[in-house]
Amino acid sequence: MDSYFPFEQLDVYHLSVAYATQVYRVTTTFPDTERFGLTNQMRRAAVSISLNIAEGRGRGGDREFVRYLMIARGSLFEVVAGAQIAEQLGFLDAEAARTLRQDAHTLSAKLMTLIKRLNPIP
């Protein structure tokens with residue numbers, strides 16, 4: 001795929017798209033009664049990660065980009081919390097929950113690395 005937009009060059013962006021796809025897949029097994037509840041919330045939060053990375057990169061300056069990266073990280077944490085709730089309710093098996101958590105850990109670390117690179121603390 002050709003990169004026409006600056007955010008497409010970021011590894012963290014591609015990981016976030018893959019993570020959203022993963023969340024969509026695991027939530028397909030959630031009960032229909034959760035379609036407008038936990039399913040929707042987890043999916044929206046997962047999509048929000050990549051959308052905030054893209055929007056923040058398009059804002060121009062590093063300071064604004066860092067703010068959007070932090071919002072993306074918050075959305076990632078929201079998915080992790082939703083996965084824990086889904087597992088407790090029996091909507092998500094332990095293996096899927098563990099995979100979501102591990103992938104979230106990797107994505108969070110990469111987000112923080114980028115944030116620190118853009119906003120070094122003296």
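Please read these numbers as outputs of a predicted model, since none were measured by experiment.
Considering only heavy atoms from C-beta on, Asp11 comes within 4.5 Å of Lys110 through its side chain. Counting only heavy atoms from C-beta outward, the side chains of Val26 and Leu92 approach each other to under 4.5 Å. Using a 4.5 Å heavy-atom cutoff, the side chains of Leu111 and Ile53 are in contact. Between Tyr19 and Leu100 there is a side-chain heavy-atom pair separated by less than 4.5 Å. Side-chain contact between Leu118 and Phe65: present, with at least one pair of heavy atoms (C-beta onward) separated by less than 4.5 Å.
Gln22 approaches Thr99 most closely through the heavy-atom pair NE2-CG2, 3.2 Å. Between Leu107 and Ser16 the shortest heavy-atom distance is CD2-CA, 3.9 Å.
Annotation: Arg43, atom CZ; neighbour count of heavy atoms from other residues, nucleotides and ligands within 6.0 Å is above 12.
Residue Arg67 holds its CZ atom at 9.0 Å from CG of Asn52, rounded to the nearest 0.5 Å. To the nearest 0.5 angstrom, Arg73 atom CZ is 12.5 Å from Leu114 atom CG. Distance check, rounded to the nearest 0.5 Å: CD of Glu8 to CZ of Arg57 gives 11.5 Å. Atom CZ of Arg117 sits about 13.5 Å away from atom CE of Met112, to the nearest 0.5 Å. Going from atom CE of Met70 over to atom CG of Asn119 covers 9.5 Å, rounded to the nearest 0.5 Å. For the atom pair OG1 (Thr27) and CG (Leu38), the distance works out to 9.0 Å, reported to the nearest 0.5 Å.
Residues satisfying the ring pair (Phe, Tyr, Trp, His ring centres under 6.0 Å) test with Tyr68, not counting sequence neighbours, are none. Considering only residues two or more places apart in sequence or on other chains, Glu34 meets the salt bridge (Lys or Arg N to Asp or Glu O under 4.0 Å) condition with none of them. Take Arg35 and apply the salt bridge (Lys or Arg N to Asp or Glu O under 4.0 Å) test, not counting sequence neighbours, and it matches no residue. Remark: Phe7 pairs with Phe5, Tyr13 by the ring pair (Phe, Tyr, Trp, His ring centres under 6.0 Å) rule, at least two apart or across chains.
Checked by atom type and distance alone, the side chain of Ser108 never pairs as donor or acceptor with a backbone atom of Ala104 at under 3.5 Å.
If you chain together hydrophobic residues whose side chains sit under 4.5 Å apart, Tyr4 and Val12 fall into the same group.
Through direct or relayed side-chain contacts under 4.5 Å between Ile, Leu, Val, Met, Phe, Trp and Tyr, Tyr24 connects to Val47, Leu51.
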Result block: side-chain N/O donor-acceptor pairs under 3.5 angstrom for residues 75-86, not counting sequence neighbours:
residue	atom	partner	partner atom	Å
Ser75	OG	Ser48	OG	3.0
Ser75	OG	Ile71	O	3.4
Glu78	OE2	Gln41	NE2	2.4

